[in-house]
Amino acid sequence: MNPSTAATVGGVTNHDIITIIASFSGDLSSMTAPPFILSPVSLTEFPAYWCERPELFAAIADAKSDEDRALAVLKWFISTLKGQYTSRNDTMGSEKKPLNPVLGELFYGMWPDKGGRGQTDLLVEQVSHHPPITAYVIENKAKGLKLVGHNAQKTSFSGGSIIVKQIGHAILTVKNLSASSASGSPPVTEYLITLPRLRIDGLWYGSPYIELCETSYIVGGGFVSTVEYKGKGYFSGKSHSFKATVSPAPGAPGREHVIEGLWHTTSKFVKGGVSGKGDFHDVNGPKEEVTVVAGGGGGDGVPEGEMGEFETRKLWKLVAKGIREGDFESASREKGRIEVGLVVCCFIRELTRIAVVVVMVLQFFWNMQNEQRQRRRDEVAAGTSWALKHFTPIASDPIYERLSVLAKIQPPTEDAYVFLDNWPKTSPVSSA
Ligand code: CLR
């Protein structure tokens, strides 16, 4: 990323400096984060990144063979990475601390049908607060596609960066809509999708951004895709590099494909490929943001079009407004600062900005420890269990167990949240 452009968006203002100093009582956990490092978006909105190219998701259903489908799933997956991991830098200047969802928080959305690709629906529920776990479903009924997954993070600090291990996985189910009893093809094909490890770099410049590392897998439908991630200075020398190998699962027929490129722009086949086509994915074109819908009750008697108290956009409305206005203020002052051209003043502000990010990182780990303590307290205070609306937890996921062995994925089993298949009656909300 480019620290100099990041620095001109939502920088530190004199006002920020005064508030930060005035609010500091010596207790790190009591320090209020300045708006420039906070994002007004709750983590429950993040699962929408999985479908910002709905046509690529729908294309999975149109594949003609197992091999084609494995490539279509990989293409859709790789094409989500730009949104998942670089979009805050693109829209807000740097990676920021998202709002930490409350237990039971809900987010509903959809992507409309266009050109016969079918409507895709999104449902998200915060299924745990300590530790934070988010469960989601993305379904395109017309195409017989369903993605169910959950997400948690385990963070640590290494070599000046925050390392985020993603815990959880997703299962993509592809229904064979044309399956007749005679065709011999299975009625559903399941894919296990695991998630990459992240490194948050740029902390010492005060401009955090994400680099992906290590390996993630997509296993199912007779194929295993292994995606290796590398940053600057590794195989291509460029940041956001990846190399994906699609090979037949042990004992299954088919060819091997190898793809290399940059996940935030384009990639090419370096081995295999389909009918002479060298290009694999390209995410330079526009993406489609989710349309938020109110589902706060639908079936529960709440008037349609009205959001329930636990729906993300309503729940965080005032907080988000505060963060946005804080940012707006700094953005407009930033403009003034450039016009005046006070180099010394800028320099001091830059230093403060970096110091504040460092303090926020420290605070982040401090809070994590407190959270551990809180968790133990929560466990002791039994009896008060919150009823989840859309999911049931299971201790081990049989689909994960069956597919993970094919790529020797560790651990051999994981817990999961089973979707109750109770879509609410939702209605579009104006984006205003
Ligand atoms: C959530 C699941 C999404 C992908 C994704 C992208 C960005 C990640 C986020 C996940 C989890 C929370 C996260 C965030 C980037 C920064 C943020 C790790 C994995 C942490 C909590 C904030 C760090 C604070 C510094 C920026 C100061 O599919």
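All ligand and atom numbering here is 1-based and tracks the order in the structure. On a predicted model such as this, the values are computed, not experimentally measured, just so you know.
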By number and element, which atoms of ligand 1 are closer than 4.0 Å to a non-hydrogen atom of [X]?
{"X": "Gln153", "answer": "1 (C), 11 (C), 19 (C)"}
{"X": "Phe364", "answer": "21 (C)"}
{"X": "Glu95", "answer": "15 (C), 16 (C)"}
{"X": "Gln84", "answer": "3 (C), 4 (C), 6 (C), 28 (O)"}

Consider only side-chain N and O atoms of [X] and [Y], and report whether a donor and an acceptor are under 3.5 Å apart.
{"X": "Thr312", "Y": "Glu45", "answer": "no"}
{"X": "Thr134", "Y": "Asn151", "answer": "no"}
{"X": "Ser225", "Y": "Tyr191", "answer": "no"}

Taking [atom] as the reference point, the nearest protein heavy atom with its distance:
{"atom": "atom 8 (C) of ligand 1", "value": "Leu198 CD1, 4.0 Å"}
{"atom": "atom 19 (C) of ligand 1", "value": "Gln166 OE1, 3.5 Å"}
{"atom": "atom 18 (C) of ligand 1", "value": "Val164 CG2, 3.8 Å"}
{"atom": "atom 16 (C) of ligand 1", "value": "Ile200 CD1, 3.8 Å"}
{"atom": "atom 25 (C) of ligand 1", "value": "Ile162 CD1, 4.5 Å"}
{"atom": "atom 2 (C) of ligand 1", "value": "Asn151 ND2, 3.7 Å"}
{"atom": "atom 17 (C) of ligand 1", "value": "Pro98 CD, 3.8 Å"}
{"atom": "atom 7 (C) of ligand 1", "value": "Arg88 NH2, 3.2 Å"}

Exercise. Within less than 4.0 angstrom of ligand 1, does Tyr49 place any heavy atom?
Worked result: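 For ligand 1, residue contact (heavy atoms, under 4.0 Å) with Tyr49 is absent.
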Problem set entry | Residue-ligand contact Ile210/ligand 1, heavy atom below 4.0 Å | yes
For this session: Assign the ring pair Tyr108 / His390 to parallel, tilted or perpendicular, where the plane angle (0 to 90°) is split at 30° and 60°.
Result: perpendicular
Exercise. Under a 4.0 Å heavy-atom limit, does Tyr85 contact ligand 1 with its side chain, its backbone, both, or neither?
Worked result: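 Contact part for Tyr85 vs ligand 1: side chain (C-beta onward).
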Seminar exercise, completed: Counting heavy atoms under 4.0 Å, the part of Thr134 that contacts ligand 1 is neither
Problem set entry | Thr194 side-chain N/O to Tyr217 backbone N/O, donor-acceptor pair under 3.5 Å |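 Such a contact is found between Thr194 side chain and Tyr217 backbone.
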Problem set entry | Side chain Lys287, main chain Glu52, donor-acceptor under 3.5 Å | no
For this session: Report yes if some heavy atom in the side chain of Ser87 is under 4.5 Å from a heavy atom in the side chain of Lys82; otherwise report no.
Result: no
For this session: State, with a plain yes or no, whether a side-chain heavy atom of Ile138 is found less than 4.5 Å away from one of Thr120.
Result: yes
For this session: Just jot down the side-chain hydrogen bond (donor to acceptor under 3.5 Å, both in side chains) partners of Trp263, sequence neighbours excluded, or say none.
Result: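 Per chain and number, Trp263 pairs via side-chain hydrogen bond (donor to acceptor under 3.5 Å, both in side chains) with no residue.
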Exercise. Excluding sequence neighbours, so at least two apart, what forms ring pair (Phe, Tyr, Trp, His ring centres under 6.0 Å) with Trp316?
Worked result: none
Exercise. Can you find a protein heavy atom closer to atom 13 (C) of ligand 1 than 4.0 Å?
Worked result: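 No, there is no protein heavy atom closer to it than 4.0 Å.
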For this session: Before signing off on this row, confirm whether Lys96 and ligand 1 have an N or O atom pair separated by under 3.5 Å.
Result: no
Problem set entry | Ring centre gap for Phe280 and Phe269 strictly below 6.0 Å | yes
